[in-house]
Participant: 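Dropping the structure in here first, questions after.
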Amino acid sequence: MKLVVAVVRPDKLSAVLEALFHEEVRGLTIGRVQGHGGETERVETYRGTTVKMDLSEKVRLEIGVSDHFVAPTVNAILASARTGTVGDGKIFVLPVEKVYRIRTAEEDQDAVTPVERAVRA
Amino acid sequence: MKLVVAVVRPDKLSAVLEALFHEEVRGLTIGRVQGHGGETERVETYRGTTVKMDLSEKVRLEIGVSDHFVAPTVNAILASARTGTVGDGKIFVLPVEKVYRIRTAEEDQDAVTPVERAVRA
Amino acid sequence: MKLVVAVVRPDKLSAVLEALFHEEVRGLTIGRVQGHGGETERVETYRGTTVKMDLSEKVRLEIGVSDHFVAPTVNAILASARTGTVGDGKIFVLPVEKVYRIRTAEEDQDAVTPVERAVRA
Amino acid sequence: MTMSAADTAWMLVSTALVLLMTPALGFFYGGLVRAKNTLNTIMMSVAALGFVGVAWAVIGYSLAFDPGWPLVGSASRAFLRGVGLEAQGTIPHLLFMAYQATFAIITAALVSGAIVERMRFGPYLAFITAWSVVVYAPIAHWVWGGGWLASLGALDFAGGTVVHINAGAAALVAALVLGPRKDYGRQAILPHSVPFTVLGAGLLWFGWFGFNAGSALGASPSAALAFVNTLLAPAATLVVWTLMDLRRTGKVTAVGGATAIVVGLVAITPAAGFVGPMSGLVLGALAAFPSYYALLWRARTRLDDSLDVVAAHGLGGTVGALLTGVLAQKAWNGTADGALFGNPKQLAVQALAVVASIVYSAALTWGLMKAIGAVTALRAAAPDEGLGLDVSQHGEEAYARGEGAILIPADSVAGPVGAAITPVLQAGEGRP
Amino acid sequence: MTMSAADTAWMLVSTALVLLMTPALGFFYGGLVRAKNTLNTIMMSVAALGFVGVAWAVIGYSLAFDPGWPLVGSASRAFLRGVGLEAQGTIPHLLFMAYQATFAIITAALVSGAIVERMRFGPYLAFITAWSVVVYAPIAHWVWGGGWLASLGALDFAGGTVVHINAGAAALVAALVLGPRKDYGRQAILPHSVPFTVLGAGLLWFGWFGFNAGSALGASPSAALAFVNTLLAPAATLVVWTLMDLRRTGKVTAVGGATAIVVGLVAITPAAGFVGPMSGLVLGALAAFPSYYALLWRARTRLDDSLDVVAAHGLGGTVGALLTGVLAQKAWNGTADGALFGNPKQLAVQALAVVASIVYSAALTWGLMKAIGAVTALRAAAPDEGLGLDVSQHGEEAYARGEGAILIPADSVAGPVGAAITPVLQAGEGRP
Amino acid sequence: MTMSAADTAWMLVSTALVLLMTPALGFFYGGLVRAKNTLNTIMMSVAALGFVGVAWAVIGYSLAFDPGWPLVGSASRAFLRGVGLEAQGTIPHLLFMAYQATFAIITAALVSGAIVERMRFGPYLAFITAWSVVVYAPIAHWVWGGGWLASLGALDFAGGTVVHINAGAAALVAALVLGPRKDYGRQAILPHSVPFTVLGAGLLWFGWFGFNAGSALGASPSAALAFVNTLLAPAATLVVWTLMDLRRTGKVTAVGGATAIVVGLVAITPAAGFVGPMSGLVLGALAAFPSYYALLWRARTRLDDSLDVVAAHGLGGTVGALLTGVLAQKAWNGTADGALFGNPKQLAVQALAVVASIVYSAALTWGLMKAIGAVTALRAAAPDEGLGLDVSQHGEEAYARGEGAILIPADSVAGPVGAAITPVLQAGEGRP
Ligand SMILES: Nc1ncnc2c1ncn2[C@@H]1O[C@H](COP(=O)(O)OP(=O)(O)O)[C@@H](O)[C@H]1O
Ligand SMILES: Nc1ncnc2c1ncn2[C@@H]1O[C@H](COP(=O)(O)OP(=O)(O)O)[C@@H](O)[C@H]1O
Ligand SMILES: Nc1ncnc2c1ncn2[C@@H]1O[C@H](COP(=O)(O)OP(=O)(O)O)[C@@H](O)[C@H]1O
């Protein structure tokens, strides 16, 4: 099991989600973050106060996947999140020791296999 | 040392926190995230624009624990966050190489041991 | 490759960023989180409802670094985020298996090396 | 009487001011709920502007203000038959009708505070529309339309009984019939935007000058008196409330301040044109106490009158109505003295008006809720309540961010018009 | 005529009310865009208060209200020459000028709804300033300044053609010339703060009483009639819209409710003082249908009239202008009957006024946009559009949090004043 | 003079408008601070409605408007003794008192802009209450209550010296005594909600029509003149400010726009009924310059006049007061000419009024702050300041989300009432 953590542009999120769903990635968690990298900084002015904004809005995806799913997941993100200009983001692949599905207490592999439509509430 | 990362329903957060505090878990960090899993999607309409909302509000917990604390922590979450309907969330256990407490620069084990009430500011 | 995850006080963020930039850490991602530790809780009252607020605002930094960069990164955070009173936060160092730069699909070491100013859009 | 342009000017303004109070109430209430129920709560007020407004023109006004019988008017002015530009008092009759419409609207909207975060929107619309006709209009008739309370000499300058006690009683019953929110008492339910609540309170105060001083129905000294009391009474309530907060917890809450303003305004409403300014100040100060403690007490019960309509409006209105019977002064109002000025009978009449309004309002509200509940479910299903009524009842979020929102492509534009216009539109797409 | 203090009082209030509509519109619009374009959208309205306001005093008023010729006034009242405190009708001439100024301001601001989230701010300022002079002022002259439409007997009580149809036509053209937002139709673009939109709608309704009832230019029964219609028509639109929402999706949207209010207000605008209250109610109800379906249809096209100025104002105004020609009733207005009351010619005149306004407004707006576009880019660069116009055009964020914001230290205070005062300031720094 | 219903109508409205300015100011200020201090900042304005309102009725009005002596009124009208419904000018005396009350309230609230994000709330309440009595009331007496500046012929139509210069001087001193925020100059402190600031500016402009045109105390041509100037001057300031922004940074800030509106309004306040409309336009345009540069300069100093009360109100008011002495025109005001129209002495009188107000206000504010500071700490403790004053002073968050909020169970309802009612409530809990 691995945890794929990706930081992408907010306006690429829809494309990334679509690409992931296409690859049968069915579970993921996202959060709004701000990133600093090679992006040009912005200057803002509020009355007499001038500030440099070093951080840009990004979205962070966290996707728990079985080992053989890592490559398709990473590739889907690489393909769909790229614009080619600085600031496209990064992907980190982290090792995972254990995964649980809270609803069923299933572990590992089973925990990330999508549920059957039939059992849904 | 392990990092337990759990994604749970926002309305279960209070219950989870209580369960964790009961297990003597004293330090944790949470963040608001949005998740995609087997949940039914919502449709929203804004004037002529109709959209499908694929993401549901979740809360992400991040808890650094010593190895022998992993099981109680996971079990506390499993027990308190479950509703039994799709969307209850996942728990990931990640290996950690090093932990520091910023206030004291203590490392590892010491870094996650709760402070004495006496020393507090 | 390692992922350094740090939880710090929001009002220390500027100092931390400065310290990191000083250490030539050029890429990082931050998110707003809420933490529970040894901090004193706050009581709030809304009409007849009185609540205990167990969580304090924190900022979470996530910094992907090459192995030899771990120590300077951690030290920079330790030095700049400390106030000495309870609630300063924690640092976790996680192992990373793989890193990709989305823009170029570069991997690992290369993926976290800052870009040349020249290629920027 | 002949028409007065000056009175007309003031009543045009007053009517607009009272109309503004309903969206203002939407914000006052909307700030106090959780983010996921913001729009539902605001729309509960806004919808009254439509549904109650139309019902008033169709039948409510006639039931309230046609002479009719002591208990209710008649249908003879339904659809505004015979309501034209002729003078009613010193202003056009239609304008008088519109002014009264804004009272019916806000009274219905007030009730919504007791049932937020859980009632289905369709039944709610049915409820307030019917309520404005069968509960509000008759009580308005009793007091202002020449009904039995008017004959008894009950004093209600701008709606202590008709508006606030009435709304409070209905709120109590509606909350009991509907039952508490599923999280109520189990989880902390916090106001998601206190600034909206304060904004609402500010706009309410502003609008309330139309409500109270407009109730003089002209730009008269009586209007000025009502105006001044509407300034001084809530100021006094705010001061007392603040000091009580400071004493109890050491912290002056903004939600409390906004609430104090409303309580002071509610309390002075029946008295506004009947008591002198120093009495108004005292009345406002006194009104703080019962509501302050009622709010604290209510939160410990299982009565989920979610936004405290009973404590603020029901109780505030009652205190105001009774103190009107104590502090009224013929020297100021030319009409009647209160108990303090030698006329204890007035207090008894006031008490009767309070009781009658409560009983009638509570009974009919109960009947209405039960009747609608017999036809369709009043409450949102539990998962819908959990998800929030904004999404489940309105298909919207108050503060959408668009992340993860996937556009559902509409079928391509059908028909000859669509076909004809599409190329034009696409041609225009290029940069200038 | 002689001056009337009562009429002056009402017109002072009305002017203030209409002025408030422009920031209100800023919030109505601002809530509908994404957070990153909030300030830009609000400032598009607010800037009109400055630029159009000044242009109106300098030349617009003269072009619109000086007798001049049938097509346009003259420059003889430029810089308000000869506009003083003498009576114009029953109010001071200057006050009349100010009242009309607020109309020019909001009409220009209305157009902005079609071009949000992509137009550069500098060219926008140039556009609305020029537009108010070359488009708005002449059309106002035609209808209200003694121009050719006035001579033909076209009825426009408060600006159905002059304000709403005019703004709608200009919006259509401006959106076509500018082209759609780059994400339009590709990504979901959701309102970031529906409460702001509802707040805007509430304040717009409030202000609209000044707009419509103020157009009687005095505290007269005609003002009362216009007022009542301004209450009843949008109430009816809101009811019908709500029921259509319920029928179509089962969900009553708040954005829809806010839109319905505006559509009802727009539609009653030309008719307000000309039709009876029941006609007003019917007019409001009917006006819901075309706009409701036009909104649905528009979103499927490539026409990025982003905030639906055409559907709400263009179409709503057209429906109102035509129905004025149907429902006008001499018995109520003392001026003219509509088709339903035996005068079909009125409908033809109304149609002519509609068409003329559309053609003139569309043509000149096209010319203006092209002219400005020839000098400088109208649109923000694509990356700026992506970043959001708040940061790129205004150098600000609507909701800044300050995280990661690094203060740029200004050069130390130069010069003798700075040197002299700095020690004083530093001395004061200690705790009290 | 006899009572006039039309004047009464206008003054009722004006008083309501000025009252609205205080919550509006709360939003203007509240948007400019960090989220964690939102409620504290808003409540600083709202509290003035209570505390200063009551103090005004109790003693302030008497000190300001009782004839008394040249330097101050007397206590003979304390507790509104003898202030009734008799005519004062052409309106009821009580209404005049209420109108003036709203001025006292907002002036005190204005000062708060200099001391936000750090002052304890209790001492703040004491400060503004006392300040309104010992600083505001006497200066109001000098200029409007028949005091020494009135005798000298100082012109201040609606409060350039009494309100704005006075508030600016007090703000300067209060900021110096209190010292800067601990983060000031070290960290970026950004406005958390610019839309609230713009909303505040919009509502302020709206209310300011009551402030300036109401100061004519009747629906007269003089009110119309003041009204028109209140429209044109800020429009001109906004245009000039926008162009300066464009020239300096290429970006037109919304915070700047909102500030420009306030500066223009402040500057025209003393002049509103004394200068012609074109002079008003010029005055507004000129007023942009000093305040624009003062804002830039102030931010580089250690003077933490956090929301720039000095630059906007102090300086804007000074410019307005002096230009009144230049541009006043007897042909428009029937009272006095300014320097430009042959009466240079007027400018000298204006300068004297400015200096006297500054000196008196600064001195007494210093004394008051020091006196309160001697009794209790003026500033919040450093950790409280870090946590934010909303939580530390008010025990609330502006935008609570409820995550991690744990309900503190109140003791079960005590006493027979609780015991009796609880079963009923629980019975009602079932679904309908
Ligand atoms: N070392 C890192 N650790 C964590 N996040 C990073 C790191 N480097 C970049 N990021 C994230 O990726 C985003 C884009 O990075 P950047 O280096 O500017 O772009 P690119 O990868 O195109 O060169 C940043 O805004 C930040 O959120
Ligand atoms: N593979 C995954 N990686 C990361 N987060 C996941 C993953 N699968 C599910 N989640 C998170 O868990 C939530 C619930 O998951 P879901 O599969 O719908 O429920 P259940 O576990 O009850 O079957 C999702 O909304 C998402 O936030
Ligand atoms: N075991 C943990 N896992 C994750 N986050 C933690 C943990 N312990 C503390 N934190 C984070 O660090 C913050 C400060 O921790 P705390 O223990 O109060 O301070 P200190 O480290 O100064 O003793 C908390 O608010 C929380 O966000």
Side-chain angles (χ1 to χ4, degrees), chain D residues 3-6 8-9 12-13 15-16 19-20 23-24 26-27 30 38-39 42-43 46-47 49-51 53-54 57 79-80 83 85 91-92 94-95 97-98 101 121-122 125 196 393-396 398-402 405-407 410-413 418 421-422 425-426 428-432, chain E residues 4-7 9-10 13 17 34-35 176-180 186-195 198-199 202 205-206 209 213 218-221 223-225 227-228 231-232 235-236 238-239 242 246 249 251-255 257 277-278 281 297 299-303 369-370 373 378-379:
Chain D
M3 197 83 87
S4 151
T8 300
L12 288 167
V13 178
T15 309
L19 184 113
L20 181 64
F27 276 82
T38 310
L39 296 181
I42 295 179
M43 287 310 284
V46 170
L49 288 164
F51 285 81
V54 170
F79 293 97
L80 304 181
V83 181
L85 297 177
I91 62 171
L94 263 182
L95 179 56
M97 183 283 299
F121 200 64
L125 293 175
F196 277 175
Q393 302 296 304
H394 303 273
E396 289 169 301
Y399 313 99
R401 293 188 309 218
I406 291 174
L407 207 57
D411 353 4
S412 64
V413 188
I421 214 162
T422 305
L425 297 175
Q426 265 146 9
E429 227 178 292
R431 287 307 185 77
Chain E
S4 150
D7 289 350
W10 171 235
V13 179
L17 286 170
R34 288 167 292 183
L176 285 173
V177 172
L178 210 58
R186 298 190 174 87
Q187 246 175 255
I189 301 180
L190 306 184
H192 89 284
S193 176
V194 180
V198 178
L199 177 65
W205 198 341
F206 177 60
F209 290 116
S220 59
L225 176 62
F227 192 104
V228 171
L231 179 67
L232 295 181
L238 181 54
V239 168
T242 299
L246 266 180
T249 64
K251 301 191 173 172
V252 179
T253 61
V255 171
M278 278 298 126
L281 203 79
W297 176 80
R300 303 181 192 182
T301 69
R302 289 296 298 154
L303 170 61
M369 287 288 284
K370 286 294 181 190
L378 294 173
R379 282 188 69 141

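Atom set for the values below is all heavy atoms of this structure, side chains included, hydrogens, waters and symmetry mates excluded. Everything numeric here is computed off the predicted structure, so don't read it as measured data.
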Participant: Chain D heavy atoms under 4.5 Å from E/Ala223: which part of the residue, side chain, backbone, both or neither?
Facilitator: both

Participant: Name all residues meeting the ring pair (Phe, Tyr, Trp, His ring centres under 6.0 Å) criterion together with D/Phe196; count only those two or more places apart in sequence or in a different chain, and write none if there are none.
Facilitator: D/Phe27

Participant: Starting at CZ of D/Arg401, measure out to NE2 of E/His192 and round the result to the nearest 0.5 Å.
Facilitator: 12.5 Å

Participant: Which answer fits D/Ala24, side chain, backbone, both or neither, if we ask what part of it has an atom under 4.5 Å from a heavy atom of chain E?
Facilitator: neither

Participant: Given heavy-atom pairs under 4.5 angstrom as the criterion, report whether the side chain, backbone, both or neither of E/Thr253 touches chain D.
Facilitator: both

Participant: To check you understand the geometry: which heavy-atom pair defines the closest contact between E/Leu190 and D/Ala405, and what is its length?
Facilitator: CD1-CB, 4.0 Å

Participant: Counting heavy-atom pairs under 4.5 Å to chain E, which of D/Leu85, D/Thr8, D/Val83 comes out on top?
Facilitator: D/Leu85

Participant: With a 4.5 angstrom heavy-atom cut-off, which part of D/Phe79 approaches chain E: side chain, backbone, both or neither?
Facilitator: both

Participant: Among the options E/Pro277, E/Gly218, E/Ala9, pick out the one with the most heavy-atom pairs lying under 4.5 Å from chain D.
Facilitator: E/Pro277

Participant: Quick one: what part of D/Leu125 sits under 4.5 Å from any heavy atom of chain E, side chain, backbone, both or neither?
Facilitator: side chain

Participant: Taking all non-hydrogen atoms of both residues into account, name the closest pair between D/Glu396 and E/Val252 and its distance.
Facilitator: OE1-O, 4.4 Å

Participant: Given a strict heavy-atom distance threshold of 4.5 Å, which part of E/Leu231 is in contact with chain D: side chain, backbone, both, or neither?
Facilitator: side chain

Participant: Give me the atom names and distance for the closest heavy-atom approach of E/Leu238 to D/Gly50.
Facilitator: CD2-N, 3.6 Å

Participant: Name the region of D/Leu94, side chain, backbone, both or neither, that has any atom closer than 4.5 Å to a heavy atom of chain E.
Facilitator: both

Participant: Between D/Pro23 and E/Leu199, is any pair of side-chain heavy atoms under 4.5 Å apart?
Facilitator: no

Participant: Of all of E/Ala6, E/Gly257, E/Ala235, which one pairs up most often with chain D through heavy atoms under 4.5 Å apart?
Facilitator: E/Ala235

Participant: Identify the two heavy atoms, one from D/Leu407 and one from E/Ala188, that lie closest to each other, and give their separation to 0.1 Å.
Facilitator: CD1-CA, 3.8 Å

Participant: Can you check whether D/Ile42 reaches E/Val194 side chain to side chain, under 4.5 Å on heavy atoms?
Facilitator: no

Participant: Checking E/Val13 against chain D: side chain, backbone, both or neither under 4.5 Å from a heavy atom?
Facilitator: side chain

Participant: Quick check for you: to the nearest 0.5 Å, what is the distance between D/Leu80 atom CG and E/Leu232 atom CG?
Facilitator: 6.5 Å

Participant: At a 4.5 Å cut-off on heavy atoms, which part of E/Ile189 comes close to chain D: side chain, backbone, both, or neither?
Facilitator: neither

Participant: Please report the shortest heavy-atom distance between E/Phe227 and D/Ala16, naming the atom on each side.
Facilitator: CZ-N, 3.5 Å

Participant: Which one, D/Gly53, D/Gly122, D/Gly402, D/Ala398, leads in non-hydrogen pairs under 4.5 Å with chain E?
Facilitator: D/Ala398

Participant: Hey, could you give me the OG1/NE2 distance between E/Thr249 and D/His394, rounded to the nearest 0.5 Å?
Facilitator: 11.0 Å

Participant: Please classify the contact of E/Ala35 with chain D as side chain, backbone, both or neither, using a heavy-atom distance under 4.5 Å.
Facilitator: neither

Participant: Between D/Thr15 and chain E, with a heavy-atom cut-off of 4.5 Å, which part of the residue counts as in contact: side chain, backbone, both or neither?
Facilitator: both

Participant: Sort out for me which residue in E/Phe206, E/Phe209, E/Trp205 forms a side-chain contact (heavy atoms from CB on, under 4.5 Å) with D/Leu20.
Facilitator: E/Phe206

Participant: At a heavy-atom separation under 4.5 Å, does E/Pro191 approach chain D through its side chain, its backbone, both, or neither?
Facilitator: backbone

Participant: Nearest heavy-atom pair of D/Leu12 and E/Ala219: which atoms, and what distance?
Facilitator: CD1-CA, 4.4 Å

